[in-house]
2 protein chains.
Amino acid sequence: MQQSQAATELMTLRDREYKCGIDVTLALVGGKWKASILWHLAQETMRFSDLQRQFSDTTRKMLTQQLRELETDGLVHRKVYPQVPPKVEYSLTDQGRTIFPILELMCDWGRNYAQAGNQT
Amino acid sequence: MQQSQAATELMTLRDREYKCGIDVTLALVGGKWKASILWHLAQETMRFSDLQRQFSDTTRKMLTQQLRELETDGLVHRKVYPQVPPKVEYSLTDQGRTIFPILELMCDWGRNYAQAGNQT
DNA sequence: TGTCATGGTTTCCAAAAAGGTACTGTGTTT
DNA sequence: AAACACAGTACCTTTTTGGAAACCATGACA
């Protein structure tokens with residue numbers, strides 16, 4: 001029996017505890033829109049209205065909500081230009097960019113799954 | 001203007017349509033437990049009672065529900081031994097195994113995030 | 001005969017996530 | 001003076017998830 005059990009230390013995130021990194025990741029990007037938002041922002045910085053166009057089947061409210069959480073979690077940067085009408089640009093932070101490989105795999109895997117599934 | 005827009009064909013999954021592979025992936029493993037379940041099953045085949053022990057903070061109901069969906073989606077194999085008391089073993093299908101790289105990245109990334117986050 | 005173990009199911013309820021609609025602020029343009 | 005553009009907020013409803021507790025089936029075993 002080994003005593004080198006560095007194992008099950010809990011991770012904390014927004015007052016919740018997680019046993020596994022997977023759960024942390026899902027807590028951050030597991031919502032209905034967040035991962036896609038990050039994916040789009042990974043390609044280019046976008047204004048709020050650009051995002052609205054991309055996510056035309058959601059509401060302004062959901063978008064701002066998700067963006068604010070991503071900002072709070074340090075994955076997205078929000079830059080406000082002090083002008084009228086307002087201009088707000090969203091981009092990934094350095095930390096946000098580190099999740100790109102996961103999104104890429106998820107994109108490919110999901111695409112493959114859907115294709116394979118359609119053959120049955 | 002190029003016409004080679006193979007781009008936005010929709011993917012279908014359980015009567016819903018998805019624009020992006022990411023959303024398909026999240027639909028399959030984005031729940032509160034599924035990704036972790038797959039992660040554990042990737043290490044070893046487990047009986048239902050093993051899973052109950054691992055996921056001691058969820059209920060039998062949630063576990064069976066999630067496992068059944070994973071089975072329906074072709075990611076998990078359920079093997080029933082015809083004996084009493086019952087014995088049911090869960091393992092990954094070949095398709096289920098293909099998601100392992102994503103889980104691995106998610107696990108690492110989440111762990112790193114939690115660590116980095118704790119320093120602020 | 002009663003109890004145990006395993007692997008569930010069923011019903012009901014609470015909480016969380018998502019969505020709809022209307023309203024806001026403010027310089028600029030008409 | 002009115003309308004517009006952009007990027008929101010506020011308030012409320014609906015839908016989806018998650019969870020607690022009780023119930024079920026069956027053969028072995030005491």
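This one's a predicted model, so the numbers in the text were calculated from it and none came from an experiment.
Judged by atom type and distance alone, K32(B) does not reach the base of dG18(D) through any side-chain donor-acceptor pair under 3.5 Å. Between the side chain of R60(B) and the base of dG7(C), no donor-acceptor pair of N or O atoms lies under 3.5 Å.
A salt bridge is absent between D23(A) and R16(A); no separation between the charged side-chain nitrogens and carboxylate oxygens falls under 4.0 Å. Residues D94(A) and R97(A) are paired through a salt bridge, judged by an N-O separation under 4.0 Å between the basic side chain and the carboxylate. R53(B) has a carboxylate O that lies under 4.0 Å from a charged side-chain N of D50(B), or vice versa, which qualifies the two as a salt bridge.
Of the residues near DNA chain C, P85(A) and L67(B), the one whose nearest nucleotide (by heavy atom distance) lies more toward the 5' end is L67(B).
At whole-Å resolution of the value, CG in L63(B) and C1' in dA20(D) are 15 Å apart. Atom pair Q65(B):CD and dG18(D):P shows a separation of 8 Å (rounding to whole Å applied). Whole-Å rounding puts the D57(B) CG to dG18(D) P distance at 13 Å. Here dA18(C) presents its P atom at 9 Å from CH2 of W33(A), a figure rounded to the nearest Å. In this structure, CD of Q52(B) is placed 13 Å from P of dA20(D), rounded to the nearest angstrom. In this structure, D50(A) places its CG atom 12 Å from C1' of dA7(D), rounding to the nearest Å. As rounded to whole Å, 13 Å separates atom P of dA17(C) from atom CG of L28(A). Spacing between atom CG of D23(B) and atom C1' of dA18(C) amounts to 15 Å, rounded to whole angstrom units.
Listed candidates were dG27(D), dG8(D), dG8(C). Nearest to the side chain of V84(B) is dG27(D). The side chain of T64(A) sits closest to dG8(D) out of dG8(D), dG19(D), dG8(C). Checked against dG19(D), dG20(C), dG7(C), the side chain of K61(B) finds its nearest nucleotide in dG19(D). Nearest to the side-chain atoms of M62(B) among the listed nucleotides dG18(D), dG20(C), dG8(C) stands dG18(D). Of the candidates dT9(D), dA7(D), dG18(D), dA7(D) carries the atom nearest the R47(A) side chain, counting heavy atoms from C-beta on. The side chain of F48(B) lies closest to dG8(C), out of dA7(D), dG8(D), dG8(C).
Across all strands, K87(B) comes closer than 4.0 Å only to sugar-phosphate atoms, never to a base (heavy-atom distances). Residue-level contact check: Y81(B) touches neither bases nor backbone, having no heavy atom under 4.0 Å from any strand. Counting any heavy atom pair closer than 4.0 Å across all strands shown, R53(A) reaches no nucleic acid atom.
OP1 or OP2 of dG7(C) lies within a sub-4.0 Å distance of a side-chain N or O belonging to S49(B). Distances shown here put every side-chain N or O of R78(A) at or beyond 4.0 Å from the OP1 or OP2 atom of dA7(D). One finds a side-chain N or O of T58(B) lying less than 4.0 angstrom from the OP1 or OP2 phosphate oxygen of dG19(D).
Ring planes of F100(A) and W39(A): parallel class, angle under 30° (limits at 30 and 60°).
At distances below 3.5 Å, at least one donor-acceptor pair connects side-chain atoms of T98(B) with backbone N or O atoms of Q95(B).
Closest approach of Y90(A) to L51(A), counting heavy atoms only: CD1-CD1, 3.9 Å.
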